[in-house]
Amino acid sequence: MPIDDPFWPRADAWLAREAADPDIRVVGVPSSQASLSPSRADLTPLEVRDRFGRFSTFHGEWGIDFSHVDVYDEGNWPVSELSMHEMPDVVEAMARELPDAGLTLFLGGDNAITRPLARMRYGDIERIGLITFDAHHDVRTLDLGPANGTPVRGLIDEDGMPGVNVTQIGIHSFANSAVYRQWCDDKGVSVVTVEDVRDEGIGPVVEKALERLASYCKTIYVDVDIDVLDVAFAPACPGARPGGLTVRELAEGVRQCAAHPLVEAMDFVEVDASADRDGMTLDAMTHLILSAAAGYAERE
């Protein structure tokens, strides 16, 4: 049991505050029925909260303590038993009923939640920007339904989001097809590979994406698919591959996004808690969620 030290505030105590008018809302969206690979991602929102007690509220390298940021944990939405066809409408409806907050963090769950959450409350989808940190393009055809490999295609082809409103960061080497890359190019999707990140640096890459989208979008949604990490850091992500981003790179990108005033919501998805080794992937996911809280603290 952790030692109760009043001078070492823990992230689990921060999450339990239940502020009446929070800066950050946390919502569990335990969906996994739409996963192309069998997954128990529905277990992850609860499991990742259990890891919070291992972390403090102070990032010693960034010099940021987010303990003063008000937070409210909404718990988990009852969506784990819904089919891939039922889930999107239910999730979108529940998201529309959420009270406002400066930043809402959605804990998945699989990547199928991204599409309904990205279009949730902002009306004009042509003014919504989307940044994905992902190994994959997520533009598979919709013939088999709105699976976790289709959210970007669904947003563009069926919901009307312009392709130029999408920036994908961290696309991997052997994780996609030439056909789907061509589809992205034809639609105007901005594709940033892992190699691009290594050449330019995660900071300049994310800054450029945020500046571009902010010039013509009203709001920016950020999808953090944990499988963008190298599989060495994320063994519980079915889609993770060798050669991905490091946790440090992704955390810096998440921080930058959360610090931006047009970023109103982010999701963290694609971790199968039942497949984790020693909590390694859950700890990485927790680190990223807390990096978002630290980034938001920089707005003030």
Asker: How many angstroms lie between CG in L46 and CG in L282, if you round to the nearest 0.5 Å?
Answerer: 11.0 Å
Asker: I want to check something: taking the side chain as every heavy atom from C-beta on, are P235 and D276 in contact at a cut-off of under 4.5 Å?
Answerer: yes
Asker: Taking R17 for its side chain and Y72 for its backbone only, find out whether a donor-acceptor pair lies under 3.5 Å.
Answerer: no
Asker: So with a 6.0 Å cut-off around CG of L144, is the heavy-atom count from everything else above 12?
Answerer: no
Asker: May I ask you to check whether D283 and T286 show a side-chain donor-acceptor distance below 3.5 Å?
Answerer: no
Asker: Please list all pairs passing the ring-ring contact (aromatic ring centres under 6.0 Å, His included) test where one or both residues lie in residues 13-53, with sequence neighbours left out.
Answerer: W14-F66
Asker: Donor-acceptor pair, D42 side chain versus S80 backbone, under 3.5 Å?
Answerer: no
Asker: Are more than 12 heavy atoms, taken from residues, nucleotides or ligands other than D278, located less than 6.0 Å from that residue's CG atom?
Answerer: no
Asker: With rounding to the nearest 0.5 angstrom, report the CH2 to OG distance, W8 to S56.
Answerer: 4.5 Å
Asker: Shared ILVMFWY cluster between V205 and V263, side chains joined below 4.5 angstrom?
Answerer: yes
Asker: Heavy atoms only: give me the nearest I131-A209 pair and the separation to one decimal.
Answerer: CD1-CB, 4.1 Å
Asker: Against V152, only a single residue in T114, V139, D223 fulfils side chain to side chain contact (heavy atoms under 4.5 Å, CB included); can you say which?
Answerer: V139
Asker: Between D272 (side chain only) and R40 (backbone N and O only), is there a donor and an acceptor less than 3.5 Å apart?
Answerer: yes
Asker: Are R49 and D73 ion-paired here, with the side-chain N under 4.0 Å from a carboxylate O?
Answerer: yes
Asker: Is the side chain of E249 donor-acceptor paired with the backbone N or O of I202 at a distance under 3.5 Å, no angle test?
Answerer: no
Asker: Check whether any side-chain heavy atom of V29 lies under 4.5 Å from a side-chain heavy atom of D267, and answer yes or no.
Answerer: no
Asker: What about Y180 and L130, same hydrophobic cluster or not, with Ile/Leu/Val/Met/Phe/Trp/Tyr joined at side-chain heavy-atom distances under 4.5 Å?
Answerer: yes
Asker: Between T150 (side chain) and R153 (backbone), is there a donor-acceptor pair under 3.5 Å?
Answerer: no
Asker: Can you tell me how far CD1 of I169 sits from CG of D196, rounded to the nearest 0.5 angstrom?
Answerer: 10.0 Å
Asker: Inspect the surroundings of CG in D21 and state if more than 12 heavy atoms from other residues, nucleotides or ligands are less than 6.0 Å away.
Answerer: no
Asker: Using side-chain heavy atoms (C-beta onward) and a distance below 4.5 Å, is E47 in contact with V271?
Answerer: no
Asker: Counting only heavy atoms not in E200 (residues, nucleotides, ligands), do more than 12 fall under 6.0 Å from its CD?
Answerer: yes
Asker: Measuring only between side-chain heavy atoms, which start at C-beta, is C237 closer than 4.5 Å to T281?
Answerer: yes
Asker: Show which residues join I64 in its hydrophobic cluster (side-chain heavy-atom contacts under 4.5 Å, direct or indirect), or state none.
Answerer: W62
Asker: Write down the atom of Y216, the atom of R127, and the distance for their closest heavy-atom approach.
Answerer: O-NE, 3.2 Å
Asker: Do other residues, nucleotides or ligands put more than 12 heavy atoms under 6.0 Å from R140 CZ?
Answerer: no
Asker: Quick one, L98 and F106 - any side-chain contact, counting heavy atoms below 4.5 Å?
Answerer: yes
Asker: If Ile, Leu, Val, Met, Phe, Trp and Tyr residues are connected whenever their side-chain heavy atoms lie under 4.5 Å apart, and connections chain through other members, are F55 and I226 in the same group?
Answerer: yes
Asker: Which heavy atom in F233 sits nearest to a heavy atom in L245, and how many Å separate them?
Answerer: CD1-O, 3.9 Å
Asker: Between V222 and H260, is a side chain to side chain contact (heavy atoms under 4.5 Å, CB included) present by the stated rule, with each step listed?
Answerer: CA-CA 11 Å; V222 179; H260 197 281; over 6 Å; no
Asker: Quick check: do H68 and T57 have side-chain heavy atoms less than 4.5 Å from each other?
Answerer: no
Asker: Is there a donor-acceptor pair under 3.5 Å between the side chain of D23 and the backbone N or O of D70?
Answerer: yes
Asker: Please report the C-alpha distance between W183 and I156 in whole Å, then the side-chain angles of each, then the deciding distance to 0.1 Å, and finally whether the side chain to side chain contact (heavy atoms under 4.5 Å, CB included) criterion is met.
Answerer: CA-CA 11 Å; W183 188 92; I156 293 173; 3.9 Å; yes
Asker: If every non-hydrogen atom of D89 is compared with every non-hydrogen atom of R119, which pair is closest and at what distance?
Answerer: OD1-NH2, 4.2 Å
Asker: Going by distance alone, is a donor N or O of one side chain under 3.5 Å from an acceptor N or O of the other, for S32 and D110?
Answerer: no
Asker: Tell me if a side-chain donor or acceptor on R25 pairs with a main-chain N or O of T104 at a distance below 3.5 Å.
Answerer: no
Asker: Do E252 and R255 meet the salt-bridge criterion of a basic N to acidic O distance under 4.0 Å?
Answerer: yes
Asker: When rounded to the nearest 0.5 angstrom, what is the spacing between NZ in K208 and OG1 in T167?
Answerer: 10.0 Å
Asker: To the nearest 0.5 angstrom, please state how far the CD1 atom of I125 sits from the SG atom of C217.
Answerer: 10.5 Å
Asker: Check for a donor-acceptor pair, side chain of D230 on one end and backbone N or O of A232 on the other, with a separation under 3.5 Å.
Answerer: yes
Asker: Could you report the tightest heavy-atom contact between P242 and H172, atom names first, then the distance?
Answerer: O-ND1, 4.4 Å
Asker: Considering non-hydrogen atoms only, spot the tightest contact between A41 and S39 and give its length.
Answerer: N-OG, 3.0 Å
Asker: Under a single-linkage definition using a 4.5 Å side-chain heavy-atom cutoff for Ile, Leu, Val, Met, Phe, Trp and Tyr, are V254 and V192 assigned to the same hydrophobic cluster?
Answerer: yes
Asker: Does a sphere of radius 6.0 Å around CD in E158 hold more than 12 heavy atoms from other residues, nucleotides or ligands, not counting ones at 6.0 Å or beyond?
Answerer: yes
Asker: Please test T132 against D225 for side chain to side chain contact (heavy atoms under 4.5 Å, CB included), starting from the C-alpha separation and ending with a verdict.
Answerer: CA-CA 7 Å; T132 72; D225 185 333; over 6 Å; no
Asker: For N176 and A135, indicate whether the former's side chain and the latter's backbone hold a donor-acceptor pair under 3.5 Å.
Answerer: yes
Asker: Ignoring hydrogens and geometry, is there a side-chain-to-backbone donor-acceptor pair from R299 to A258 under 3.5 Å?
Answerer: yes
Asker: Is there a path of hydrophobic side-chain contacts, each under 4.5 Å between heavy atoms of I/L/V/M/F/W/Y residues, joining M280 to L290?
Answerer: no
Asker: With a 6.0 Å cut-off (strictly less than), is the heavy-atom count around CZ of R248, excluding the residue itself, greater than 12?
Answerer: no
Asker: Counting C-beta onward and ignoring hydrogens, is there a side-chain heavy-atom pair between Q168 and D134 closer than 4.5 Å?
Answerer: no
Asker: V71 and V69: side chain to side chain contact (heavy atoms under 4.5 Å, CB included), yes or no, with the steps?
Answerer: CA-CA 6 Å; V71 64; V69 175; 5.7 Å; no
Asker: Going from CD1 on I220 to CD1 on I128, what distance comes out if it is rounded to the nearest 0.5 angstrom?
Answerer: 11.5 Å
Asker: Is there a side-chain contact between F133 and V206, using heavy atoms and a 4.5 Å cut-off?
Answerer: yes
